[in-house]
Every structure is written in structure tokens, then in C-alpha cells.
Amino acid sequence: MPPGYPPAADYTQQQPGFPQPGQPFQTPPKKKSKALPIVLISIAVVLVLCVGGGTAGFLLLRDKGQDVVDAIASAAPTTEPGATPGETTPTTEPAADSNITVTEPKTLGGRPKLTDPQFAGAADQLEQGLKEVPDATDTVGALYGTPTKQDIVIVAAAAAPIADPEKELDNTFLGAGIGGLKLTGIVDASPGALGGSAKCGKGDAGGADLIMCGWADDGSIGWVIWYFKSMSSAKAEFPKLRAQVEKKK
């Protein structure tokens with residue numbers, strides 16, 4: 001090399017953002033939303049109860065779960081802004097808030113827990129789905145009310161670390177639409193004294209009017225689903241019911 005010229009770059013050494021020769025580019029693993037299992041299992045229970053889909057209807061919705069996960073994951077960036085393509089950015093979950101737990105109350109807003117076989121089976125499905133919530137330390141899946149009075153309430157919740165509560169809550173409502181239950185009139189709701197984010201929306205399953213309200217904070221995420229309830233009544237009762245399920249030490 002003529003004198004005065006800088007030495008040539010050694011491209012045999014690994015360059016920032018690029019793999020070693022012969023190694024494929026790596027992409028970060030897709031992160032599952034904590035909201036999705038709650039959405040899918042809640043929808044399954046709603047349709048089983050209202051439409052009479054039974055086990056077949058539940059399995060159909062359960063099988064759609066990965067499609068929903070992929071749909072939401074594909075909408076998220078795979079690299080941090082400014083990162084070189086192929087460069088992975090380590091991600092860590094926030095530490096769980098040990099002061100937050102969820103518990104199954106004996107009654108919910110004065111309603112008795114439904115324990116007959118039809119509803120007990122639906123509650124079991126809820127519990128199984130909630131076990132898929134990443135890093136969950138506690139879960140609640142139960143049904144309350146008096147069917148003859150058309151008064152049934154479903155609660156599904158998990159205590160788990162939530163990095164972005166508002167985003168997770170939005171994903172919950174997005175997941176409901178992808179999962180087959182159209183929600184309309186989605187509005188912000190009061191989360192009550194426990195704080196965090198809360199929203200409510202209207203739904204319909206087999207002619208049964210539904211109101212779904214969800215919450216998310218740093219240490220929990222959950223839904224309350226009412227049958228045959230007005231939006232104003234559900235929004236007014238929501239903070240009280242949430243406070244019976246979520247506890248802060």
C-alpha cells in the first residue's frame with residue numbers, strides 16, 4: 001500500500017449491527033401481549049353462554065389465539081428507533097409490583113358466584129386461559145349473578161408486570177375485534193382509586209347486549225363483562241367491582 005494512505009478496514013472482524021460472516025440476521029422474538037389471553041378466553045365464554053357454541057365454539061376461538069398474537073406483534077417495531085437493521089435490542093420486563101394482587105371475591109357487587117355445572121365449566125376455561133398470561137402471579141376467572149334475572153357478570157384478571165398499561169389496554173380492545181366480537185362506542189372510564197387506565201365498550205353476542213370494561217396498571221390487567229346492562233350503569237359500578245378483585249397491600 002502506498003505510504004500516506006490509511007490501512008484498509010478489516011472486514012473479517014464483526015461490525016456493529018451485522019452478524020459474523022455466514023451467520024443469519026437475528027430478529028427479536030415477538031412479545032405476546034398480556035391482554036390477549038384475557039380477550040380470547042373472555043370472548044369464548046361470552047359466546048358459549050350467549051350463542052350456545054359449546055366446546056366447539058370455545059375451541060374455534062382458542063385456535064384463533066396465535067393469529068391475534070401475530071397480528072398485534074407484526075404491528076410493533078422489531079428494532080428500536082435508530083438501531084441498525086439486524087441489531088437486536090435487549091428487552092426486559094418490568095419487575096412485578098409485589099404490592100398488587102387479584103383475588104376472587106365470594107360475591108361481586110352483591111351477586112352470588114355461579115357454581116352450577118354450566119357456569120363452573122366456563123369459569124374453568126377462564127382460569128386455564130389466564131394461566132397463559134406471561135409472568136402472572138395471581139389470576140381470577142369467575143362468573144356471578146342470577147341468570148333468571150338476566151344478571152350475569154364475568155370477571156377475568158391477572159396480577160402481572162405491565163410495561164405500558166395504556167397500550168396493553170388498547171391491545172385488549174383491538175384483540176376483541178380480531179377475535180370476532182365487535183366492540184363499539186369505546187370510551188374512557190374512571191379507574192377508581194386504584195388508578196391506571198380504564199375503558200368500556202358495547203358488544204353483542206347472539207342478541208345479548210354486553211358492556212365490557214377493562215383496566216390496566218403497573219401490576220395487573222383485567223376485564224369485567226356485564227349482560228343486559230346500560231353503559232352508564234356499568235361505568236358507575238366498574239370501579240367498585242374492580243376494587244373487590246384487585247388489592248394493593
Side-chain angles (χ1 to χ4, degrees), residues 29-42 45 69 72-73 76 80 89-113 123-145 153-176 186-201 211-226 234-249:
K30 293 180 179 180
K31 295 179 65 179
K32 290 186 178 182
S33 166
K34 291 180 174 60
L36 294 179
I38 295 176
V39 172
L40 295 172
I41 304 303
S42 297
V45 171
V69 172
I72 291 182
E80 293 292 330
T89 302
T91 57
T92 57
E93 290 286 352
D97 188 337
S98 60
N99 292 321
I100 294 179
T101 61
V102 293
T103 59
E104 184 178 296
K106 293 182 178 180
T107 62
L108 189 69
R111 301 173 181 87
K113 183 179 177 182
D124 288 343
Q125 292 175 354
L126 271 173
E127 285 287 0
Q128 290 300 315
L130 291 166
K131 289 179 181 178
E132 299 300 319
V133 176
D135 305 313
T137 55
D138 299 298
T139 60
V140 172
L143 295 85
Y144 298 84
V153 176
I154 300 171
V155 61
I162 308 294
D164 188 336
E166 187 170 358
K167 181 179 179 180
E168 288 289 352
L169 189 60
D170 287 341
N171 283 348
T172 299
F173 285 88
L174 173 61
I186 298 172
V187 295
D188 291 332
S190 170
L194 292 168
S197 297
K199 293 180 183 291
C200 296
I211 300 295
M212 298 189 175
C213 292
W215 83 82
D217 57 24
D218 292 339
S220 70
I221 187 165
W223 268 32
V224 181
I225 305 171
W226 293 260
K235 287 177 65 177
E237 189 180 26
F238 172 66
K240 174 184 175 182
L241 300 190
R242 177 191 174 188
Q244 288 187 255
V245 176
E246 181 184 354
K247 303 296 181 181
K248 290 188 176 181
K249 299 177 184 178

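Worth knowing before you read on, the calculation uses all heavy atoms, side chains too, and leaves out hydrogens, waters and symmetry mates.
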Participant: Using 0.5 Å steps for rounding, measure from the OH atom of Tyr144 to the CG atom of Leu241.
Facilitator: 10.0 Å
Participant: Kindly compute the distance separating CG (Leu174) from CG (Leu169), expressed to the nearest 0.5 Å.
Facilitator: 11.5 Å
Participant: Ala142 and Ala123: which non-hydrogen atoms are nearest, and at how many Å?
Facilitator: CA-CB, 4.4 Å
Participant: Between Gly141 and Glu127, which heavy-atom pair has the shortest distance, and what is it?
Facilitator: N-OE2, 3.2 Å
Participant: Would you sort out whether Asp170 and Glu166 count as a side-chain contact (heavy atoms from CB on, under 4.5 Å), showing the intermediate values?
Facilitator: CA-CA 6 Å; Asp170 287 341; Glu166 187 170 358; 4.3 Å; yes
Participant: Mind listing the closest non-hydrogen atom pair of Cys213 and Trp226 along with its distance?
Facilitator: SG-CZ3, 3.6 Å
Participant: Please name the pair of heavy atoms, one in Ala216 and one in Ile221, separated by the smallest distance, quoted to 0.1 Å.
Facilitator: CB-CG1, 4.1 Å
Participant: CG of Leu126 to CG of Leu143: how many Å apart, nearest 0.5 Å?
Facilitator: 6.0 Å
Participant: Check each of Phe238, Phe173, Trp215 against Trp223 using the ring pair (Phe, Tyr, Trp, His ring centres under 6.0 Å) test, and report the only one that passes.
Facilitator: Phe173
Participant: Looking only at heavy atoms, which two atoms of Ala160 and Ala136 are closest? And how far apart?
Facilitator: CB-CA, 3.9 Å
Participant: Report the residues that fulfil side-chain contact (heavy atoms from CB on, under 4.5 Å) with Pro112, sequence neighbours left out, ordered by chain and then residue number.
Facilitator: Thr146
Participant: Heavy atoms only: give me the nearest Thr101-Ala159 pair and the separation to one decimal.
Facilitator: CA-CB, 4.2 Å
Participant: For Ser220, which of Lys248, Glu246, Lys247 qualifies under side chain to side chain contact (heavy atoms under 4.5 Å, CB included)?
Facilitator: Glu246
Participant: Less than 3.5 Å apart, which donor and acceptor atoms pair up between the side chains of residues 186-193 and the rest of the protein, not counting sequence neighbours?
Facilitator:
| unit_1 | atom_1 | unit_2 | atom_2 | d |
| --- | --- | --- | --- | --- |
| Asp188 | OD1 | Lys199 | NZ | 2.9 |
| Ser190 | OG | Gly192 | N | 3.3 |

Participant: Kindly compute the distance separating CG (Asp138) from CD (Glu104), expressed to the nearest 0.5 Å.
Facilitator: 12.0 Å
Participant: Apply the test side-chain contact (heavy atoms from CB on, under 4.5 Å) to residues Leu108 and Val245: give CA-CA distance (whole Å), side-chain angles for both, the deciding distance (0.1 Å), then the verdict.
Facilitator: CA-CA 9 Å; Leu108 189 69; Val245 176; 4.2 Å; yes
Participant: Are any of the side-chain nitrogens in Arg242 or Asp217 under 4.0 Å away from the carboxylate oxygens of its partner?
Facilitator: yes
